[in-house]
Amino acid sequence: MAGLWSFSGRHKILHMTWFAFFLTFVVWFNFAPLTTAIKADLGLSDPQMRTIAICNVALTVPARIIIGMVLDRFGPRITYSCLLIYSAIPCIAFALAQNFEQMVYSRLALSIVGCGFVIGIRMVAEWFEDNEIGLAEGIYGGWGNFGSAGAAFMLPSIAAALGFLTAGQVNWRLAIALTGIAAACYGVVYYFNVTDTPSGKVYQRPPSSAGMEVTSQRDFWLLLATNIPLVGVLGLIAWRLTKVDFISSEVLVVIGVLLVGLYLFQSYNIWQANKPLMTGAKRYPPEDRYKFSQVFNLEMAYVACFGSELAVVSMLPTYFERGFGLTAAVAGAVAGMYAFMNLVARPGGGLLSDKLGSRKLTLVVTIAGTGVGYLLFSMFGQGVPILFVVLMTMVASFFVMAAEGATFAIVPLVKPRITGQVAGNVGAYGNVGAVVYLTVYSLLPQGVAGDKLFFQMLGCVALIVAFLNAFTLKEVVGSHAEHRVPVPAGVPVEQGDSPLGTLRDSLRGTLRDRR
């Protein structure tokens, strides 16, 4: 990663892409820092506020699956640009909302923006070689993921500074609208400043973008089975909405029927994408096969790390207050260290995956460390020195986010031409984990006892996943570099690509070979 701080070639692509991800996270998390002002302005109840928070992640799960298919078909440049521009619409709608119902619908539409992470995974994978891909993906994910903390730091101050337009009151509406407008403007900038691949490299597309490609009949059935939780979690969210009387039991039944239809529709698309394989008309040569069980391993790993991160962020300050006796201000500051570690931990996990020689071992160790860290949270309480609490938080969060980096150091290497869909499935499982964890948390006893049980659950799940990966995950063998078209001397290898440029380079390479 020599030249990381330069702004040319592949490093320019990396910096522009992590900042795109940063902005999607600012937009996605622009509600949390302003909840007090929003609640007071519209007179919302606590259950209504929690419902809006759930809606913030509701459609991220299917969106990550869909965006993976779109990404593999059209490329990350246009896909990311369109998503950034789209984000302005629900942001402005949310800023203009006058009641609870309008806020729910606009927040559901805004939750789609949470799928942006998937796009950059493939963009970065196209520009970096295998020996650096872990660190590059870690920087992309870690620095971009810091957008949630950026929203927490910036938006309250921006809303307060804009108070002169609202008779001195916190101007949360304009602050939220501005996040969407900024993202949309950057979407235009991004489109005109990046390319999908370096010059001389062909952007691989799967035969069909309707469903995920598998290379064995056994994997076809495993793919169908792993899609069940992705649809089922939407039913779980709908069930949660019945608890705040947002939807009735009758509507819940209708939603259940629609979700069954959605699953059948997805299954049909997967069948269409793999019909030649399933009918025996096509057989993949050994060098073109991959095991979908590898994807399932990574999905479980992301449930254990990113799924738990999303769940823990929402309750960690409260846990520090009632479990360790910290004041609200101190508890919030210490909990902020958990998110802050994204800047170094996620790139650190990717770097370790690149350098240790075993991506599998890196993932297993970091997931196991995640489990131990959560179990430590459940063991200590009142009377523990504040320095120990801070160190415990930093160590635990390091393993959580390093595991995320280690997971996505493997994702682009599973099957390069469907990296978008693999990243979409793995990323979606992170959100599935978060929804399941938070649902279980809501059913646990309120107070310190329930918090400790929650962390014990997170720790046990992580240790089980580490055990699973230790015995079933295989070292990934593959390379994005193998799909590079020969480039004649004198053409910069990091020059932007275009359809005409790719054709030109291919023809030049062919003529050179003939000579």
Side-chain angles (χ1 to χ4, degrees), residues 6-24 63-86 115-130 132-133 136-137 139-141 144 183 186-210 212-213 408 411-424 427 478-487 491-509:
S6 68
F7 200 75
S8 62
R10 59 183 180 161
H11 298 107
K12 171 187 174 182
I13 300 297
L14 176 61
H15 291 310
M16 293 202 69
T17 303
W18 78 251
F19 190 70
F21 179 37
F22 177 92
L23 286 178
T24 62
R64 288 194 174 196
I65 302 299
I66 295 170
I67 208 71
M69 297 176 182
V70 173
L71 165 63
D72 286 338
R73 174 65 180 86
F74 295 102
R77 174 196 181 202
I78 190 170
T79 306
Y80 228 150
S81 299
C82 289
L83 181 68
L84 288 163
I85 294 169
Y86 160 82
C115 72
F117 169 71
V118 174
I119 308 171
I121 289 296
R122 174 139 194 191
M123 174 64 94
V124 173
E126 293 293 337
W127 280 83
F128 286 84
E129 306 296 350
D130 294 356
E132 295 180 323
I133 202 168
E137 297 288 12
I139 290 172
Y140 164 71
Y186 188 75
V188 176
V189 173
Y190 190 79
Y191 181 82
F192 287 104
N193 284 275
V194 304
T195 56
D196 288 334
T197 63
S199 180
K201 184 176 182 181
V202 178
Y203 187 80
Q204 294 185 87
R205 292 176 170 84
S208 171
S209 58
M212 190 169 180
E213 177 189 12
F408 274 88
V411 164
L413 304 177
V414 173
K415 190 64 178 173
R417 68 169 171 261
I418 57 169
T419 291
Q421 294 179 66
V422 174
S479 173
H480 278 73
E482 65 194 21
H483 305 288
R484 189 178 300 280
V485 176
V487 183
V491 178
V493 297
E494 291 186 346
Q495 179 180 328
D497 191 22
S498 67
L500 290 177
T502 299
L503 178 61
R504 176 202 64 203
D505 294 334
S506 300
L507 291 174
R508 285 181 178 176

Discussion item. If I compare all heavy atoms of Ala136 with all of Val124, which pair ends up nearest, and what's the gap?
Written reply: CB-CG1, 3.6 Å

Worksheet entry | Note, Met16 side chain near Val189 side chain (heavy atom, < 4.5 Å) | yes

Worksheet item: If you look at every heavy atom in Pro412 and Ile121, which pair is closest and at what distance?
Response: CG-CG2, 4.3 Å

Discussion item. I'd like to check the ring-ring contact (aromatic ring centres under 6.0 Å, His included) partners of Phe117; sequence neighbours left out, ordered by chain and number.
Written reply: Phe21, Tyr140, Phe408

Item to complete: Hey, could you give me the CD1/CD1 distance between Ile65 and Ile67, rounded to the nearest 0.5 Å?
Response: 11.5 Å

Worksheet item: To the nearest 0.5 Å, how far apart are OG1 in Thr195 and NZ in Lys201?
Response: 11.0 Å

Item to complete: May I ask you to say whether Arg417 pairs ionically with Glu213, meaning some side-chain N is under 4.0 Å from a carboxylate O?
Response: yes

Practice prompt. Check whether any side-chain heavy atom of Met212 lies under 4.5 Å from a side-chain heavy atom of Val422, and answer yes or no.
Written response: yes

Worksheet item: What's the shortest heavy-atom distance between Ile119 and Leu71, and which atoms?
Response: CA-CD2, 3.7 Å

Worksheet item: Can you find a heavy atom in the side chain of Gln204 that is under 4.5 Å from one in the side chain of Arg122?
Response: yes

Item to complete: Quick one: closest heavy-atom pair of Phe74 and Thr79, and the distance?
Response: CB-OG1, 4.3 Å

Response to the item:
Separation between OH (Tyr203) and CG (Asp196), nearest 0.5 Å, reads 6.0 Å

Practice prompt. Look only at the side chain of Ser81 and the backbone of Val188, and say whether a donor-acceptor pair between them is shorter than 3.5 Å.
Written response: no

Worksheet item: To the nearest 0.5 Å, what is the distance between CG (Asp72) and NZ (Lys415)?
Response: 12.5 Å

Worksheet item: What residues, two or more places apart in sequence or in another chain, satisfy side-chain hydrogen bond (donor to acceptor under 3.5 Å, both in side chains) together with Thr17?
Response: Tyr190

Practice prompt. Mind listing the closest non-hydrogen atom pair of Glu137 and Ala125 along with its distance?
Written response: OE2-N, 3.5 Å

Worksheet item: For atom OH of Tyr191, is the number of surrounding heavy atoms from other residues, nucleotides or ligands below 6.0 Å larger than 12?
Response: no

Fill in: Heavy-atom side-chain proximity of Lys12 to Asn193 below 4.5 angstrom
yes

Worksheet item: Can you tell me how far the CD atom of Gln421 sits from the CD1 atom of Ile66, to the nearest 0.5 Å?
Response: 12.0 Å

Item to complete: Report yes if some heavy atom in the side chain of Thr24 is under 4.5 Å from a heavy atom in the side chain of Leu84; otherwise report no.
Response: yes

Fill in: Reported OG1-to-CZ distance for the pair Thr197 and Arg77, which is rounded to 0.5 angstrom
11.0 Å

